[in-house]
Protein chains: 2
Amino acid sequence: MSTVETKPGMGVLARRTFREQIVEALRGSIISGELAPGTPIVESDMARTFGVSRGPLREALGDLIKEGLLVTIPYTGTHVVDLSLDEVNEIFSLRTELEIFAFRQLWEKRDAAYFEELNRRHDRLLASIAEGDDESSIVDELALHSHVYEACGHSLLLGVWNGMRGKLQLYWAAHHRAHGRRGPLPEGHARYVALAQGTDLDLMISEIRDHMVRGFSRTEAFLRERDQLKQGQ
Amino acid sequence: MSTVETKPGMGVLARRTFREQIVEALRGSIISGELAPGTPIVESDMARTFGVSRGPLREALGDLIKEGLLVTIPYTGTHVVDLSLDEVNEIFSLRTELEIFAFRQLWEKRDAAYFEELNRRHDRLLASIAEGDDESSIVDELALHSHVYEACGHSLLLGVWNGMRGKLQLYWAAHHRAHGRRGPLPEGHARYVALAQGTDLDLMISEIRDHMVRGFSRTEAFLRERDQLKQGQ
DNA sequence: TTGCGGTTGATTGTCAACAATCAGCGATCA
DNA sequence: TGATCGCTGATTGTTGACAATCAACCGCAA
């Protein structure tokens with residue numbers, strides 16, 4: 001045995017290569033709206049902006065393309081993805097199934113640590129809402145939902161969730177920018193969190209379904225409004 | 001209106017860039033077992049093999065990493081992914097939910113064209129099995145299952161499925177190489193195809209569950225056997 | 001006016017060389 | 001004898017320049 005403690009998750013100050021840093025920075029810019037939907041991304045310009053060569057930048061773009069935040073046409077150009085009603089419908093419908101599946105996997109394995117962390121994340125979300133910090137309330141809401149994916153121990157499922165998480169954040173952030181406030185949220189997750197600590201899985205499942213329908217119709221209303229505005233111009 | 005018909009899926013003879021060609025070739029080599037699990041991939045060597053520079057090759061590797069067929073450690077190396085029992089369990093369990101969801105989405109929209117194509121793919125699978133061509137029977141089985149994802153019109157779901165399809169093929173191919181024949185397959189999908197054309201969705205769903213359990217236990221048995229062999233050495 | 005064809009500037013795809021980093025090995029010293 | 005430190009070869013990360021390709025523009029003819 002080594003004398004040095006090597007707890008899991010210890011030495012994760014992992015190498016931060018340019019590529020990863022660029023991915024994070026760009027994702028942030030896209031989600032924050034700094035790079036609006038449809039904005040063309042020119043590799044050479046973007047490379048200069050980051051003070052880096054086109055190689056790593058290209059690879060970073062590749063990651064974001066796979067994630068669905070960017071769209072590329074060979075030999076022609078890359079641009080920030082556009083928001084579409086069909087897509088947000090797909091995201092919410094698939095998410096419903098995935099989150100139910102995650103709870104099914106987790107249900108019997110829930111323990112004190114799980115409940116503790118669940119409440120911690122919920123408290124953080126409530127705090128952000130109370131402070132009126134909309135940007136971080138979006139992040140906190142995603143973190144709250146992420147918990148079940150992390151806790152259920154299904155790494156493939158977690159990967160799929162992480163893959164769509166960015167897009168979801170993009171939609172919410174756009175919604176938020178359009179409306180200032182996203183709506184009366186403080187009690188939005190009370191039932192969700194309460195049932196997640198209860199004993200009735202079927203109730204939890206129907207709450208997830210409701211929760212997603214509510215989320216979808218809010219986003220849908222926002223998008224329809226925006227499309228009408230666009231057409232009116 | 002333009003005079004030129006531009007049906008969707010028409011002009012998709014799209015540019016074939018090196019990167020895409022390499023991805024396909026490498027995926028083929030990995031799945032066929034030519035590059036066995038654990039084999040280290042050295043960029044410069046691989047680039048020379050394909051007669052191409054490291055740039056495009058790196059991007060191709062990036063794609064396969066995202067797909068889960070390769071694993072990389074920064075500044076250290078890349079190698080072909082290893083098969084694990086946990087992972088195959090995850091693949092089959094998630095796939096069960098996704099395929100049920102796909103059928104739910106599709107069910108009311110099924111039409112003559114759907115049934116026709118379904119039977120066409122089933123026939124092709126049966127033909128491959130009859131010919132004893134195990135390699136293409138795997139491809140055909142995947143194509144048969146892919147059909148519902150393509151037909152249900154949920155592009156996000158289709159993307160997730162395509163993302164795990166490669167890994168699934170990898171497991172089956174490994175299984176096949178170990179056992180010569182994958183087992184008594186000809187009637188393996190008869191019930192599946194019949195129910196998919198029926199009117200009882202619940203029956204279809206339970207068939208999917210059974211189908212996946214059968215598939216998992218076959219793969220599981222193979223992997224346990226292999227691990228014992230490895231430990232015995 | 002309208003449609004067509006060539007030209008051009010811009011943008012991505014590709015390349016070969018250079019720099020940063022790592023795992024393994026051997027020398028060194030307690 | 002055992003562990004530690006520094007070196008070394010190999011491998012990935014990064015760079016700037018060159019080639020292939022495309023969308024848009026302009027002039028021209030019907």
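Only a predicted model underlies this, so the values are computations on that prediction, with no experimental measurement involved. Throughout, a chain's letter reflects where its sequence line sits, starting with A, and its residues are numbered from 1.
Among residues two or more places apart in sequence or in another chain, the side-chain contact (heavy atoms from CB on, under 4.5 Å) test is passed with B/Glu97 by A/Phe101, B/Arg209. Remark: A/Thr72 pairs with A/Thr78 by the side-chain hydrogen bond (donor to acceptor under 3.5 Å, both in side chains) rule, at least two apart or across chains.
Remark: the backbone N or O of B/Ser84 is paired with a side-chain donor or acceptor of B/Tyr171 at under 3.5 angstrom. Side-chain atoms of B/Asn89 never come within 3.5 Å of backbone atoms of B/Leu85 as a donor-acceptor pair (strictly under, hydrogens ignored).
A/His154 and B/Ser93 share a donor-acceptor pair across their side chains, judged by distance under 3.5 Å alone.
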Identify the pairs formed between an N or O of the protein and an N or O of nucleotides 8-10 of chain D at a distance under 3.5 Å, and give each distance.
none

Taking only N/O atoms, report every protein-nucleotides 13-15 of chain C pair under 3.5 Å with atom names and distance.
| residue | atom | partner | partner atom | Å |
| --- | --- | --- | --- | --- |
| C/dG13 | OP2 | A/Arg58 | NH1 | 2.5 |
| C/dG13 | OP2 | A/Arg58 | NH2 | 3.0 |
| C/dG13 | O3' | B/Thr17 | OG1 | 3.4 |
| C/dG13 | N7 | A/Arg54 | NH2 | 2.8 |
| C/dG13 | O6 | A/Arg54 | NH1 | 2.8 |
| C/dT14 | OP1 | B/Thr17 | OG1 | 3.1 |
| C/dT14 | OP1 | B/Phe18 | N | 2.8 |
| C/dT14 | OP2 | B/Thr17 | OG1 | 2.9 |
| C/dC15 | OP2 | B/Ser53 | N | 2.8 |

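A/Ile41 comes within 4.0 angstrom of sugar-phosphate atoms only, judged by non-hydrogen atoms across all strands, and of no base.
We find that CZ of B/Arg48 is positioned 15 Å from C1' of D/dT12, with the value rounded to whole Å. We find that CG of A/Leu57 is positioned 13 Å from P of D/dG16, with the value rounded to whole Å. The CD atom of A/Glu20 sits 16 Å away from the P atom of D/dT12 (whole-angstrom rounding).
For residues 46-57 of chain A, the pairs satisfying side-chain hydrogen bond (donor to acceptor under 3.5 Å, both in side chains) are A/Glu43-A/Arg54, with sequence neighbours left out.
With the 3.5 Å cutoff on both pairing distances, Watson-Crick and G-U pairs in DNA chain C assemble into runs of at least 3 at C:1-30 with D:1-30.
Under 4.0 Å is where a charged nitrogen must lie from a carboxylate oxygen, and between B/Glu24 and B/Arg27 no such pair does. Using a cutoff of 4.0 Å between basic side-chain nitrogens and carboxylate oxygens, B/Glu150 and B/Arg121 are scored as salt-bridged. Salt bridge present: A/Glu59 and B/Arg58 bring a charged side-chain N and a carboxylate O closer than 4.0 Å.
Each of A/Val81, A/Ile41, A/Thr39, A/Leu35 was checked for a side-chain contact (heavy atoms from CB on, under 4.5 Å) with A/Leu70, and the lone residue meeting it is A/Ile41.
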